[in-house]
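Contents: one structure, followed by commentary.
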Amino acid sequence: MKKLRVQFILFMYENSQKQYRKYFKKKKRQWQFSEAQLLNFQNDSLGKVLGDFYQKHGFRMIPKMENHDVYHLITDFSTNIQDEIAMQYLLFGNGKKTAYLLGTMLLGTLVFPEYYKMYYEAYHKGKEMKTFHHLNFEELLWQNFYHLKDFLRQKETPVSF
């Protein structure tokens, strides 16, 4: 039964992400780097770590959706279905509010209710991180990935004078 649920979610994703990019990412341009070029970045840079991610998993960059793959690296969520849904909860907790994200959360929760605790924890993890969903990670490809990740995982603390 779980295999059927996974197939259903994959079917929904395959049939919605192209439409999402077409209608909701019109103004966004795709990154100017290929997977191979990312591998030429300095070791420990975001670019190199991302290139290694693509190579390890045999993935290709999806135009206008490149930040999504960086989210996997920053949040330590894998690319399995339950982790994909949990990552959407984390992004929601981090302040990202889109119809596509909300739809993914709703459908994912209905199809995989047994992972609700994981989703709940991911939401709170997102609230505890610095806001990052709006960043243009293409501009940060040269930065040390581990320093960037550590920085984003720290909650901003209010300063009192």
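Any value given below was found using the heavy atoms of this structure, including those in side chains, with hydrogens, waters and symmetry copies removed.
Other members of the cluster containing Leu110 are Leu106, with ILVMFWY side chains joined at under 4.5 Å, either directly or via other members.
Checking side-chain atoms of Glu66 against main-chain N and O of Trp31 turns up a donor-acceptor pair under 3.5 Å. For the pair Arg153 (side chain) and Ile74 (backbone), a donor-acceptor distance under 3.5 Å is present. Proximity of a side-chain donor or acceptor of Glu138 to a complementary backbone N or O of Gln32 within less than 3.5 Å is detected. Put simply, the side chain of Glu121 never gets that close to the backbone of Met118: no donor and acceptor are under 3.5 Å apart. A distance-only check finds a donor-acceptor pair linking the side chain of Asn94 to the backbone of Gly126 [under 3.5 Å]. At distances below 3.5 Å, at least one donor-acceptor pair connects side-chain atoms of Lys125 with backbone N or O atoms of Thr75.
The side-chain heavy atoms of Gln82 and Lys2, taken from C-beta on, include a pair separated by under 4.5 Å. Residues Thr79 and His72 have side chains in contact (heavy-atom distance under 4.5 Å, counting atoms from C-beta outward). The closest side-chain heavy-atom distance from Tyr54 to Leu39 is not below 4.5 Å. A 4.5 Å side-chain heavy-atom check between Leu152 and Leu135 finds at least one atom pair inside the cut-off. Side-chain atoms of Asp44 and Val49, non-hydrogen and from C-beta on, never get closer than 4.5 Å to each other. Using a 4.5 Å cut-off on side-chain heavy atoms (C-beta onward), Glu35 and Gln55 make no contact.
Both Trp142 and Leu46 are part of a single hydrophobic cluster, where members link through side-chain heavy atoms under 4.5 Å apart. Both Leu38 and Tyr146 belong to a common hydrophobic cluster when Ile, Leu, Val, Met, Phe, Trp and Tyr are linked at side-chain heavy-atom distances under 4.5 angstrom. Hydrophobic clustering (ILVMFWY, side-chain heavy atoms < 4.5 Å, transitive): Leu107 and Tyr116 are in distinct clusters. Both Ile81 and Phe11 belong to a common hydrophobic cluster when Ile, Leu, Val, Met, Phe, Trp and Tyr are linked at side-chain heavy-atom distances under 4.5 angstrom.
A donor-acceptor pair shorter than 3.5 Å cannot be found between the side chains of Tyr115 and Thr109.
For the pair Lys3 and Phe8, the cation-pi criterion (under 6.0 Å, within 45° of the ring axis) is not fulfilled. A cation-pi arrangement is present between Lys130 and Phe151 under the rule of less than 6.0 angstrom and at most 45 degrees off the ring axis.
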Begin from the C-alpha positions of Arg5 and Glu114 and carry the test salt bridge (Lys or Arg N to Asp or Glu O under 4.0 Å) through to its verdict.
-> CA-CA 12 Å; Arg5 293 184 291 161; Glu114 67 270 29; 2.9 Å; yes
Give the intermediate values and the outcome of ring pair (Phe, Tyr, Trp, His ring centres under 6.0 Å) for residues Phe112 and Tyr119.
-> CA-CA 10 Å; Phe112 293 106; Tyr119 303 153; 8.0 Å; no
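Residue Lys117 qualifies as open at atom NZ: its count of foreign heavy atoms under 6.0 Å is 12 or below. Enclosure of atom NE2 in His124 by more than 12 non-hydrogen atoms of other residues, nucleotides or ligands within 6.0 angstrom is indicated. A 6.0 Å sphere centred on CD of Gln7 holds more than 12 heavy atoms belonging to other residues, nucleotides or ligands. Other residues, nucleotides and ligands place no more than 12 heavy atoms under 6.0 Å from the CD atom of Gln42.
Here the closest heavy-atom approach between residue Asp76 and residue Lys149 is recorded as OD1-NZ, 2.6 Å. The minimum heavy-atom distance linking Ala122 with Ala86 is given by the pair CB-O, 3.3 Å. Heavy-atom minimum distance, Gln88 versus Thr104: CG-CG2, 3.6 Å.
The ring of Tyr123 has its center no closer than 6.0 angstrom to the ring center of Tyr89. Residues Tyr71 and Phe132 place their aromatic rings such that the two centres sit under 6.0 Å apart.
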